[in-house]
Protein chains: 2
Amino acid sequence: MAKPRTTPQVIRSTAEFAAHVGLSRSTVSRALNGHPGLKQKTIDRVQAALDATGFRPNAHAVNLRGRRAAMVGVCMEDFRNPTAVAKVSLLQQRLREQGLTTLIEVLAPGSSRQTLGHLLSLRVGAVVFIGHFDPSELAAQIDELTRHSTPHLVIDDPGPGGANSVSLDRVRAMELVIEHLVAQGHRSFGLLGISGAFQTVTDRLTGVDRALRAAGLDPAVAAVSLDSLHVRRDHFEYGSLLARSFLAQRRRPTAYLAVNDDTAVGALLEFQAAGLRVPEDLSLFGFNNQNLCLMTRPKLSSVDQNIEDTIDVSVKTLLAKIGSVVTRRITTHRVAPHLVLRGTTGPAPGNAGR
Amino acid sequence: MAKPRTTPQVIRSTAEFAAHVGLSRSTVSRALNGHPGLKQKTIDRVQAALDATGFRPNAHAVNLRGRRAAMVGVCMEDFRNPTAVAKVSLLQQRLREQGLTTLIEVLAPGSSRQTLGHLLSLRVGAVVFIGHFDPSELAAQIDELTRHSTPHLVIDDPGPGGANSVSLDRVRAMELVIEHLVAQGHRSFGLLGISGAFQTVTDRLTGVDRALRAAGLDPAVAAVSLDSLHVRRDHFEYGSLLARSFLAQRRRPTAYLAVNDDTAVGALLEFQAAGLRVPEDLSLFGFNNQNLCLMTRPKLSSVDQNIEDTIDVSVKTLLAKIGSVVTRRITTHRVAPHLVLRGTTGPAPGNAGR
DNA sequence: GGCAAAAAACGACACGTGTCGTTTTTGGTT
DNA sequence: AACCAAAAACGACACGTGTCGTTTTTTGCC
């Protein structure tokens with residue numbers, strides 16, 4: 001009874017769809033792509049049929065015709081890092097608002113080349129790296145991307161250089177932490193898990209150094225790290241082990257700075273199990289401000305990463321790079337951190353500074 | 001000096017690649033796809049050039065030619081649920097071993113149709129749902145997938161029926177928990193956050209009921225829920241609120257079963273803050289067996305989801321469905337849970353059972 | 001009813017790949 | 001040198017889309 005004479009169960013192409021609507025393929029095409037010179041009634045008819053059938057043009061054919069896909073590849077180190085997951089989650093949401101699809105991949109150390117090749121074969125518009133990667137391997141990936149004139153962006157681990165990056169200003173973050181604790185009377189600081197070659201770590205050490213010097217303290221004396229005594233496997237467990245080692249020391253720092261919240265919580269429980277009171281006997285600072293911070297007693301003070309700003313800047317940068325021609329110009333952005341003071345930080349005990 | 005006379009900076013097609021190697025396009029193509037009748041030396045030459053240039057055939061062109069893409073779409077409710085993230089992480093890993101790409105998307109309640117359309121436009125080979133979804137909306141999605149003869153799989157929330165599913169046997173899980181606690185002398189149980197319309201919840205209530213009856217107890221008396229007293233926002237906070245409400249009761253259960261670990265930890269801290277000793281005064285069971293369980297004192301007993309089995313079965317099911325023609329046959333799998341006993345569970349206090 | 005303008009249809013091409021049948025070249029053997 | 005089979009090259013088609021110039025149909029107006 002209705003117009004369409006051929007009504008295939010599944011519509012596979014614009015040709016079939018056009019036949020179903022009773023229009024020509026070109027008319028449907030320009031209706032779908034918003035070209036001018038169409039009667040409003042026709043546009044409505046196409047739209048109605050679109051809603052009714054749920055037809056969507058084959059993305060592969062669309063992307064094959066265009067030079068570049070409306071996709072952004074995201075390489076992650078892991079799904080176990082809650083902060084990285086939060087970032088990719090927000091990033092996907094924001095990119096989708098811009099009409100961009102996000103293709104999330106875990107970049108395994110061995111098969112990173114293969115994974116990147118996969119993204120390149122899909123002709124993604126850009127590739128984003130989130131997390132920690134082997135510096136030389138990352139540099140190779142970025143080099144390959146550049147050779148394929150595909151823009152890239154590294155979030156949080158800029159690496160040795162030559163990469164576009166957006167990252168938290170970790171130097172400033174540690175300066176803020178130290179400044180705050182010094183103002184509270186602390187003069188000796190234990191570092192929990194802040195060691196290694198990643199720039200996310202070396203930046204923090206730089207910040208600690210600067211702030212200590214600015215306060216007239218000698219970093220070699222005022223900052224203590226026992227990281228080398230243990231092998232890092234699980235963050236939480238590592239925090240416990242380090243705390244135990246500090247407990248065995250004769251003279252102990254009055255404040256502790258952890259590489260992340262898990263490590264801080266591990267240390268906190270160990271200190272408390274030894275009968276120490278927090279924050280009366282010692283102060284403790286986490287990093288990342290995860291939900292976990294609310295689940296300890298007292299609640300954990302931490303550094304907030306300001307993920308919203310990080311992602312907003314990242315998206316803006318990406319859009320600019322995708323839109324324009326590829327330039328050799330390297331862009332770098334720093335996002336300001338802020339401290340979240342909770343129950344694990346307080347004045348230094350007595351005059352026990354040093 | 002070398003053979004290739006034309007060496008474009010970027011190789012964009014097999015034609016350019018073939019010219020670069022000094023072979024014809026068809027020869028290169030059959031070398032790439034492992035066709036017989038080629039000299040080993042030629043194959044090696046192609047492979048070497050492949051490694052050297054990093055060229056990968058345009059995936060869109062490949063997928064355009066084939067009927068179906070070697071991609072699997074994964075719809076998630078959220079990235080904030082650690083268990084769901086763990087599942088998608090393992091799923092992606094396993095699917096990649098099978099040569100399948102995973103496209104992860106968050107299915108926002110409003111724009112779920114649009115997101116699914118996006119996956120369909122990419123002609124994915126299958127769509128997996130992980131998490132909790134609105135039943136009617138999920139049913140509509142599955143219906144649309146079936147109309148497009150695209151296989152689907154729902155992990156963990158089978159919904160009202162008519163969907164292929166792989167999920168933890170939550171009925172059995174709660175039976176195991178109750179059986180264990182009854183054997184320890186517990187006769188009255190508090191339910192923390194186990195309420196709502198999702199099947200992942202109703203299944204658990206069924207399990208509680210069955211096990212209680214089997215133990216000769218009346219579920220209406222032995223199982224107490226105060227969920228309706230509070231609005232659920234954050235799991236941890238909800239656990240705290242519920243514990244406070246139980247503390248205000250005259251007669252209290254001796255054992256508590258939480259909907260997840262976060263809720264359990266919230267309750268644990270509240271009970272302890274009130275001076276109750278765990279497990280001497282009360283027992284507490286979490287659900288999911290996350291890392292968080294190790295971060296409390298005492299450590300939290302919990303139900304392990306057996307994610308490896310879940311994903312293994314899921315991958316097997318998916319491969320079968322992708323390979324064969326679409327059938328109307330619905331498949332359902334249940335994965336066995338197991339209990340992880342830690343410090344928050346013990347014998348019921350005195351004879352205070354009832 | 002006629003006429004011009006607007007709307008729609010038509011037809012063809014390009015995007016990059018896999019495949020297949022046919023033709024040409026290569027390389028080894030008699 | 002001749003021959004023959006293996007190896008490579010050649011040419012063409014299909015996949016589904018966007019676009020564009022051209023032709024046909026519809027619409028609106030006098």
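Sequence lines set the chain letters: A, B, ... in the order given, protein chains first and strands last, and positions in each chain run from 1. Just so you know, these numbers use all the heavy atoms, side chains as well, and skip hydrogens, waters and symmetry mates.
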Round to a whole Å and report the spacing from [atom1] of [X] to [atom2] of [N].
| X | N | atom1 | atom2 | value |
| --- | --- | --- | --- | --- |
| B:Arg56 | C:dG18 | CZ | P | 11 Å |
| A:Asn33 | C:dA8 | CG | C1' | 16 Å |
| B:Glu16 | C:dC15 | CD | C1' | 13 Å |
| B:Gln40 | D:dA8 | CD | P | 11 Å |
| B:His60 | D:dG18 | NE2 | P | 14 Å |

Which atom pairs link the protein and nucleotides 9-14 of chain C when you take only N or O atoms and keep those under 3.5 Å?
{"unit_1": "C:dA9", "atom_1": "OP1", "unit_2": "A:Ser24", "atom_2": "N", "d": "3.2"}
{"unit_1": "C:dA9", "atom_1": "OP2", "unit_2": "A:Ser24", "atom_2": "N", "d": "2.8"}
{"unit_1": "C:dA9", "atom_1": "OP2", "unit_2": "A:Ser24", "atom_2": "OG", "d": "2.9"}
{"unit_1": "C:dA9", "atom_1": "OP2", "unit_2": "A:Thr27", "atom_2": "OG1", "d": "2.6"}
{"unit_1": "C:dC10", "atom_1": "N4", "unit_2": "A:Ser26", "atom_2": "OG", "d": "3.3"}
{"unit_1": "C:dA12", "atom_1": "N6", "unit_2": "A:Arg25", "atom_2": "NH2", "d": "3.3"}

Angle between ring planes, A:His132 versus A:Phe198, binned at 30° and 60°: parallel, tilted or perpendicular?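 A:His132 and A:Phe198: tilted rings.
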On the 0 to 90° scale, with breaks at 30° and 60°, tag the B:His60-A:His60 ring pair as parallel, tilted or perpendicular. tilted
With a 4.0 Å cutoff (strictly under), does any side-chain N or O of [X] reach OP1 or OP2 of [N]?
| X | N | answer |
| --- | --- | --- |
| B:Thr14 | C:dG16 | no |
| B:Asn58 | C:dT17 | no |
| B:Asn63 | C:dT17 | no |

Could you pull out all residues at least two apart from A:Asp143 that satisfy salt bridge (charged side-chain N to carboxylate O under 4.0 Å, His left out)? none
Results of side chain to side chain contact (heavy atoms under 4.5 Å, CB included) for B:Asp134 - residues two or more places apart only: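 B:Asp134 satisfies side chain to side chain contact (heavy atoms under 4.5 Å, CB included) with B:Ser136, B:Glu137 only.
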Results of side chain to side chain contact (heavy atoms under 4.5 Å, CB included) for A:Thr42 - residues two or more places apart only: A:Leu23, A:Thr27, A:Lys39
Report all side-chain donor-acceptor pairs from residues 88-95 of chain B shorter than 3.5 Å, counting only partners two or more places apart or in another chain.
{"unit_1": "B:Gln92", "atom_1": "NE2", "unit_2": "A:Ile104", "atom_2": "O", "d": "2.8"}
{"unit_1": "B:Arg94", "atom_1": "NE", "unit_2": "B:Asp312", "atom_2": "OD1", "d": "3.2"}

Reading nucleotides 23-30 of chain D 5' to 3', which nucleotides get B (base under 4.0 Å from a protein heavy atom), which S (sugar-phosphate only), which -? ----S---
Under 3.5 Å, is there a donor-acceptor pair between the side chain of B:Arg147 and the main chain of A:Thr53? yes
Contact list for residues 99-129 of chain A, test ring pair (Phe, Tyr, Trp, His ring centres under 6.0 Å), sequence neighbours left out: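 Checked against ring pair (Phe, Tyr, Trp, His ring centres under 6.0 Å) - neighbours excluded - the pairs reaching residues 99-129 of chain A are A:Phe129-A:Phe133.
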With sequence neighbours left out, which residue pairs that include part of residues 147-168 of chain A fulfil the ring pair (Phe, Tyr, Trp, His ring centres under 6.0 Å) condition?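 For residues 147-168 of chain A, and leaving out neighbouring residues, there are no ring pair (Phe, Tyr, Trp, His ring centres under 6.0 Å) pairs at all.
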Difference in axis direction between the ends of the helix from C:dG1-D:dC30 to C:dT30-D:dA1, five pairs, 10°: 30°
Would you classify [X] as touching base, sugar-phosphate or nothing, given that sugar-phosphate means primed atoms plus P, OP1 and OP2, and contacts are heavy atoms under 4.0 Å?
| X | result |
| --- | --- |
| A:Leu32 | nothing |
| A:His35 | sugar-phosphate |
| A:Ser29 | base |

Residue pairs involving residues 105-122 of chain B (criterion salt bridge (Lys or Arg N to Asp or Glu O under 4.0 Å); sequence neighbours excluded): A:Arg96-B:Glu105, B:Arg113-B:Glu144
Per the salt bridge (Lys or Arg N to Asp or Glu O under 4.0 Å) rule, what does the pair list look like for residues 52-62 of chain B, sequence neighbours excluded?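 Qualifying pairs, neighbours excluded: none.
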Of A:Ala61 and A:Leu38, whose closest DNA chain C nucleotide lies nearer the 5' terminus? A:Leu38
Contacts of type side-chain hydrogen bond (donor to acceptor under 3.5 Å, both in side chains), residue A:Asp44, not counting sequence neighbours: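 Result, side-chain hydrogen bond (donor to acceptor under 3.5 Å, both in side chains) vs A:Asp44: A:Gln40.
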Closest to side chain of B:Thr42, choosing from D:dA7, C:dT17, D:dG16: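 When the side chain of B:Thr42 is considered, D:dA7 is the closest of D:dA7, C:dT17, D:dG16.
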